[in-house]
There are 2 protein chains.
Amino acid sequence: MASEFDLIARHFTPAASGPEAGVALGVGDDCALLTPRAGQRLAVSVDTSVADVHFPADAPAEAIGHRALAVSLSDLAAMGAEARWCLMALALRDADDAWLADFARGFHALCAATDTALVGGDVTGGTLSIGVTVMGEVPYDQALTRGGARPGEVLAVTGALGGGAGGLAAWQRGERDPDHPLLARYLRPQPRLAAGLALRDLASAAIDVSDGLLADLGHVLDASGVGARVEVEALPLAEGLVAALGREGAREAALRGGDDYELLVSLPEDAVAEAGRRLARQGLALTPIGRVTAEPGLTGAGEIGLAGWQHFRAGPPGDRGGGA
Amino acid sequence: MASEFDLIARHFTPAASGPEAGVALGVGDDCALLTPRAGQRLAVSVDTSVADVHFPADAPAEAIGHRALAVSLSDLAAMGAEARWCLMALALRDADDAWLADFARGFHALCAATDTALVGGDVTGGTLSIGVTVMGEVPYDQALTRGGARPGEVLAVTGALGGGAGGLAAWQRGERDPDHPLLARYLRPQPRLAAGLALRDLASAAIDVSDGLLADLGHVLDASGVGARVEVEALPLAEGLVAALGREGAREAALRGGDDYELLVSLPEDAVAEAGRRLARQGLALTPIGRVTAEPGLTGAGEIGLAGWQHFRAGPPGDRGGGA
């Protein structure tokens, strides 16, 4: 687009850069030049958020910017990685300056809050979508993966579940108050980066709950070659969820609802108390929800099956993308 | 998409991985884990290729896969960086298995040819587009940027120019022979990674010619605070270009045509012969096309102006994305 460089310069010049951010050269050349730290692995992931597939196209622009970055950062959190840098591939049809300013504000605010430097990107024409590549660092052999859960360990989740699905339902009912607790959970999820760092030396496995607790638990069980028993009664439910969806609906949202961006971890029994203390210092709950079993398969919530949640969908058929 | 994980597993499992590729953990977890080498900066860039904006939607799937990676790798080449890893964000409407197999073949073949490991990605529904994030490495203080051109230096380009525009014109005329020299240049550009490495200690500035020679030269001049005189007679023209477009049309294509993915470099007079010898060993020409001047602005080709090329466009209005 004729205004591409202007547009990038106007709204997406990175706030954080310079040696302290590990940015030797930021936006404006063929590549950004970054300075990885010694003794660290680089953790990288990309997630694309598409309008009317992953979020309502008419959601507040600031929330769209926040959310697109948050879902990618959540993958770093799930590895116990520290966020460092990101790149944004933005597609949009009409570059409305006010919309872009709000969108950039939401994106930059989360960059600032998580010490993530925006170091590059590109802009193309098309249906609104935001692909965000995130890069983080984690010391050698300390990354949390999906494959480390061992029989007898405790399964636990950070924060509360069901807020993503409950917030989407609220949006679809016409709720627009940005302070509505469920809507806030859906539109402005908080990537659990600090929790991932705090649990790095305690947890055996981790994943972020993006596709729904049961679906994401299934990934951990598959990767670890184990099974689990989930105590449905124990699930921490998002504030206002029971009032909005009823007890059964709330449990369904917690089990199958996507877009929660909490961490699901497996950790040894004797690490649970310390893990809880560390997260409490962050103002975040850690709730045991079940146990890892040697026998494959799922019990407790087993009758509900392992299927994931149908994400937001409107207009043309579209599909949920996974991280990597 | 229900088949997303299957689809990724079937077609996009990385061929190269393991310690030798710097991949501690590849596709299949929340993030890939990579091992940067000591003493190197990380060079990163993202480019999105959109169907009927950056390439014809009915181009061969294998060429679309090749091309989407090539245009991103070209940014690494322009920094003098060595390619290491990539991530792919793929959007497509209908996942046709045969098409995907061809697409993946083109992508993987270029990965293999350039020692680039595909370490992750995501798939969403939508208009066909491919966002490719590339990561490479370049030793501290050896990266080529746009900002180093000095008055008196020689401007030179690798390979030949105008093939991108000439190939697009051939495609639009109905040419479909994949061995047609201009079509091959347009559909399967070769990122000049080896040339970038070879010129790293000789050149003062570099950029890849993606938006057209004059437009990209303009970026170098702006970043370096200099001007240039370009000898239009000296421009190396792609094979078959004069026959296809006539002498004037060929020059226009070489000056304003985009999608060539050659390198434009500025280098001291006394480095030109050695630079030429090094590229000759790669079977690649290095052609002096002008001089850097202290006075800003462009002469020689100056009357033609600095405007870039109108990229392929059909159907909905769309726009050219730049790297970063």
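What you see below is based on every heavy atom in this structure, not just the backbone, and it leaves out hydrogens, waters and symmetry mates. In what follows, chains carry the letters A, B, and so on, assigned in the order in which the sequence lines appear, proteins first and then strands, with residues in each chain numbered from 1.
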Checking A:Thr35 against B:Arg41 for the side-chain contact (heavy atoms from CB on, under 4.5 Å) test, could you report, in this order, the C-alpha distance in whole Å, the side-chain angles of both residues, the deciding distance, and whether it holds?
CA-CA 5 Å; A:Thr35 311; B:Arg41 301 248 192 237; 2.5 Å; yes

message = Determine whether B:Asp30 and A:Ile207 satisfy the following criterion, side-chain contact (heavy atoms from CB on, under 4.5 Å), listing intermediate values before the conclusion.
response = CA-CA 7 Å; B:Asp30 293 291; A:Ile207 194 169; 3.6 Å; yes

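Put simply, the side chain of B:Asp122 gets close to the backbone of A:Thr48: a donor and an acceptor are under 3.5 Å apart.
Proximity of B:Leu42 to A:Leu42: side-chain heavy atoms (C-beta onward) are separated by under 4.5 Å at one or more points. Residues A:Leu76 and B:Cys31 are in side-chain contact: their nearest non-hydrogen atoms beyond the backbone lie under 4.5 Å apart. By the 4.5 Å heavy-atom criterion applied to side chains, B:Met79 and A:Leu33 are counted as neighbours. By the 4.5 Å heavy-atom criterion applied to side chains, A:Thr145 and B:Leu25 are counted as neighbours. With a 4.5 Å cut-off on side-chain heavy atoms, A:Val44 and B:Leu87 count as touching.
Ranked by heavy-atom pairs under 4.5 Å with chain A, the list B:Asp208, B:Thr127, B:Val134 is led by B:Asp208. The residue among A:Ala43, A:Ser129, A:Gly147 with the most heavy atom pairs within less than 4.5 Å of chain B is A:Ala43. Highest contact tally toward chain A, considering only B:Pro36, B:Ala223, B:Ala89, B:Ala78, is held by B:Pro36 [criterion: heavy-atom pairs under 4.5 Å].
Using a 4.5 Å cut-off between heavy atoms, B:Ala206 touches chain A through its backbone atoms (N, CA, C, O) alone.
B:Met88 and A:Val46 make their closest contact through O-CG1, 4.3 Å (heavy atoms, listed as atom of the first residue, atom of the second, distance). When all heavy atoms are compared, the tightest approach of A:Arg146 to B:Asp29 is N-OD2, 2.9 Å.
Of residues 136-144 of chain B, those residues with a non-hydrogen atom less than 4.5 Å from any non-hydrogen atom of chain A are, in numerical order, B:Val138, B:Tyr140, B:Ala143.
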